[in-house]
Amino acid sequence: MKSVEDNEILNQGDTKSKIGLLRLFLRGSLHLFALSIFCSFCVSVLDLINPRIIGYAVDMVMGKAPELPALLQRLPDVTYLFQSVGTSALAVCVLALFAALFRTLSGALNSAGAETLVQRMRRLLFSHLLQLPCSWYSRNQTGDIIQRCTSDVETVKTFISEQLTQLFRTILLIALALVFMAGIHMGLMLLAFFFIPVIVLYSLFFYTRIGSSFQRADEEEGKLSSIVQENLTGIRVVRAFGREKEERDRFETKNSSYTALWVHLMKLLSAFWSLGDLFSGLQVMVVVIAGATLCVHQSLSAGEYIAFITYNAMLTWPVRSLGRVIAEMSKAGISLDRIGYILTSPREDNRNRTAMPDLHQDITFDHVSFRYREELPEVLSDVSFQVHAGETLGILGGTGSGKTTAAELLDTLYDLPKDCGSIRIGETDLRDINRLYLRQNIGLVQQEPYLFSGTIRYNLTLSNPDAGEEEILTAAKISCLDEAVEKFERGYDTMIGERGVTLSGGQKQRTAIAQMLLRQPAIMIFDDSLSAVDAETDAKIRQGLKKKLHGCTVLLISHRITTLSGADRILVLDHGRVEEIGTPEELYEKNGLYRRIFDLQASGREEVPSEHNGKED
């Protein structure tokens, strides 16, 4: 059953525009931000009342009765509040306490909204990433994907929780401040207002420049993250080949490029912020001088002047922040585009795949041709063969011959285009079979299996969480994993580290075989999954599998003739084409490619690898 988030992402209209993305992300947190903005509005109103009270008190002390607003004049006995400095001070304190309360509520609601927003963004991204096809991952670097899901998510969160909410508060504060200032002196208010359009205009000038610079820096950060991720996961390879200096130099080159982009961006921001300080300072200076002049000419009382200057000071930072919000909006827009790229990437289409046939049937590859990308040559070219139900078919071939590709197409890790032949199970085309059903009934053990950070038991039960202790022990015994586990102090509860780093290559392969056996699928694919074990262990595993796999259809991919010797038939691939197919005895008698490989391995020499076609196997 699909989650609500999955259904939302299926509606691609929600993710094609920045506004649509924001609406999608803000579901569940919009009310929190709205309440936060309301509390900010209350803070602004309370803060704006205080200068008038202080101004009235100053005029009263100086012997000039304050002219109260018409609304207050209609209220009985309200003037006594301004006839005492103590009473005015008490009123200021009470308003300050209420402002502090609303300010606290605003901050708490904003923080709750921000964390709810980030939680939702991460959930939507992760859920969608799990549904993207393997071909998408082959085109996008892991480091860049992680950067989009972390740094860009944080940028959007910061913009919405800080800049966007600040924008609403700023607009409200500016509008209210101008109203209060107009009530004191209209001409002086217009003079203060003159600087606001100027700040907005030069902010728009910097908008595109900051945005394009941030985009380049953001993309460069993704490339830098990819280098770090590759070196951390492949540290043993780096050490084994003494590549520390070369990798450090590669990192330094990319790091210098990334730094230069950020320095350029900081120069733009420095110029932008400096202009903001300049115009804000000019505004304050002009208003102070003009107000003082009006006071000298008796057009403005001292209390009104103090109140107006206070309002202008309160206006200075919001006006500056308005310009900064416009500039920051460009950065958030870039991050939204980068996040939107993930969410608008088409997921694996399973809507028209409703068939759930019995998979204990013949598997037919009918004139299958396939290439990973249009610019690459074909990996499989007009390949046709049949695997009988319950049969063990060995697949032999050099590097780049298409062995792994055939397995990945059968497991629908890659989709076969409609004009490139067909793959059928029984009479049902693979394109019509439900993906989840298919993958739950096909077991795939790869040459380099991926193990998660956790215990051996955790990794074994990933394929069957309900597996009992007896089933785990049986699967481990068949795969000869029990021999290795017995040497571990904590047995199956031994932590194996990230990617199974504490296990040898052979132990990883045996763990993956046991993992698949716990699922007991109808079709099993062993993709050179015994390459890292010694010949004796290889023979023991094959003997155990022969007893366990009765009734299952098996594709056994290997470079070793000995590993394939127990197969019912062997398919020989060469440069993506079917070279030979038959029983081991029949192929040996043909004196073809199989015979040549057999003789090479029998004499102790290795098979000469074929030139690969765009991707290994």
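Along the sequence shown, residues are numbered consecutively beginning with 1.
At a threshold of 4.0 Å, the pair Lys18-Asp337 counts as salt-bridged, since one of the basic side-chain nitrogens sits closer than that to a carboxylate oxygen. Taking a cutoff of 4.0 Å between a charged side-chain nitrogen and a carboxylate oxygen, Arg353 and Glu348 do not qualify as a salt bridge. No salt bridge links Arg595 with Glu589; every basic N to acidic carboxylate O contact stays at or beyond 4.0 Å. Between Asp415 and Arg435 a salt bridge is recorded (basic side-chain N to carboxylate O distance below 4.0 Å). Salt bridge status for Asp493 with Arg457: present, with a side-chain N to carboxylate O gap under 4.0 Å.
Under 3.5 Å, the side chains of Thr405 and Tyr372 contain a donor-acceptor pair of N or O atoms.
With hydrogens and angles ignored, the 3.5 Å screen pairs no side-chain donor or acceptor of Gln446 with any backbone N or O of Ala512. Under the 3.5 Å distance criterion, the side-chain polar atoms of Arg560 are left unmatched by any main-chain donor or acceptor of Gln601. Checked by atom type and distance alone, the side chain of Asn441 pairs as donor or acceptor with a backbone atom of Tyr437 at under 3.5 Å. Checked by atom type and distance alone, the side chain of Asp411 never pairs as donor or acceptor with a backbone atom of Leu413 at under 3.5 Å. Judged purely by atom type and a 3.5 angstrom limit, Thr553 uses its side chain to pair as donor or acceptor with the backbone of Gly390. In this structure a side-chain-to-backbone donor-acceptor pair under 3.5 Å is missing from Ser369 to Cys420. No donor-acceptor distance shorter than 3.5 angstrom exists from the side chain of Glu471 to the backbone of Leu518, with no hydrogens or angles considered. Side chain of Arg519 to main chain of Leu462: no donor-acceptor pair is present (N/O by atom type, distance under 3.5 Å, no hydrogens or angles). Under a 3.5 Å cut-off, the side chain of Ser138 and the backbone N or O of Ser135 do form a donor-acceptor pair. With Lys403 contributing its side chain and Gly398 its backbone, the two residues share a donor-acceptor pair below 3.5 Å.
Taken from CG in Leu573 to CD1 in Ile395, the straight-line distance is 6.5 Å, to the nearest 0.5 Å. To the nearest 0.5 Å, the span separating CE on Met121 from CD1 on Ile339 amounts to 3.5 Å. Asp527 contributes atom CG, which lies 10.0 Å from atom CG of Leu556 (distance to the nearest 0.5 angstrom). Annotation: the span from Ile423 atom CD1 to Thr428 atom OG1 amounts to 13.5 Å, rounded to 0.5 Å. The distance from the SG atom of Cys552 to the CD1 atom of Ile523 is 9.5 Å, given to the nearest 0.5 Å. The line from CD1 of Ile570 to OH of Tyr588 is 13.0 Å long, rounded to the nearest 0.5 Å.
Closest non-hydrogen pair, Arg431 versus Leu416, comes out as NE-O, 3.1 Å. Closest of all the heavy-atom pairs between Leu132 and Pro346 is CD2-O, 3.5 Å. Residues Leu587 and Glu580 share a closest heavy-atom pair of CD2-CB, 3.6 Å. For Ala217 against Tyr258, the heavy-atom pair with the smallest separation is O-CE1, 3.4 Å. Leu444 approaches Met516 most closely through the heavy-atom pair N-SD, 3.7 Å. Looking at every heavy atom in both residues, Ala514 comes nearest to Leu481 through CB-CD2, 4.3 Å.
Below 30°, between 30° and 60°, or above 60°: for Phe452 and Tyr450 the angle between ring planes is above 60°, a perpendicular geometry.
Taking the side chain as every heavy atom from C-beta outward, Val383 and Phe370 never approach each other to under 4.5 Å. Side chains of Gln119 and Arg123 form a contact here, defined as non-hydrogen atoms less than 4.5 Å apart. A heavy-atom distance below 4.5 Å is found between the side chains of Trp136 and Ile145. Between Asn231 and Phe251, the closest side-chain pair of non-hydrogen atoms is not below 4.5 Å. No side-chain heavy atom of Asp568 sits less than 4.5 Å from a side-chain heavy atom of Leu393. The side-chain heavy atoms of Leu124 and Arg120, taken from C-beta on, include a pair separated by under 4.5 Å. Annotation: side chain of Cys149 is in contact with side chain of Leu129 (closest heavy-atom distance under 4.5 Å). No side-chain heavy atom of Phe385 sits less than 4.5 Å from a side-chain heavy atom of Ile363.
Shown here is Arg577, whose CZ atom has no more than 12 heavy atoms of other residues, nucleotides or ligands within 6.0 Å. Under a cut-off of 6.0 angstrom, the local environment of CZ in Phe126 is sparse, with at most 12 non-hydrogen atoms contributed by other residues, nucleotides or ligands. Annotation: Glu448, atom CD; neighbour count of heavy atoms from other residues, nucleotides and ligands within 6.0 Å does not exceed 12. A 6.0 Å sphere centred on CD of Glu469 holds more than 12 heavy atoms belonging to other residues, nucleotides or ligands. Within a 6.0 Å radius of CD in Glu375, more than 12 heavy atoms belonging to other residues, nucleotides or ligands are found.
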Inset, instruction - Go through Tyr414 and Val379 one step at a time and tell me if the side-chain contact (heavy atoms from CB on, under 4.5 Å) criterion holds. - result: CA-CA 13 Å; Tyr414 290 89; Val379 182; over 6 Å; no
Legend entry - Worked verdict on Phe488 versus Ile496 for side-chain contact (heavy atoms from CB on, under 4.5 Å): CA-CA 11 Å; Phe488 297 145; Ile496 61 175; over 6 Å; no
Legend entry - Stepwise side-chain contact (heavy atoms from CB on, under 4.5 Å) test for His559 and Asp528: CA-CA 7 Å; His559 290 89; Asp528 218 1; 2.7 Å; yes
Legend entry - Full working for side-chain contact (heavy atoms from CB on, under 4.5 Å) between Leu430 and Leu409: CA-CA 9 Å; Leu430 212 63; Leu409 289 174; 5.9 Å; no
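Each of Val578, Ile581, Leu593 was evaluated against Val572; a single residue qualifies, Leu593, per the side chain to side chain contact (heavy atoms under 4.5 Å, CB included) test. Between Asp144 and the options Arg338, Lys223, Arg139, a salt bridge (Lys or Arg N to Asp or Glu O under 4.0 Å) holds for only Arg338. Put simply, the residue from Asp362, Asp366, Asp432 that forms a side chain to side chain donor-acceptor pair (under 3.5 Å) with Arg424 is Asp366.
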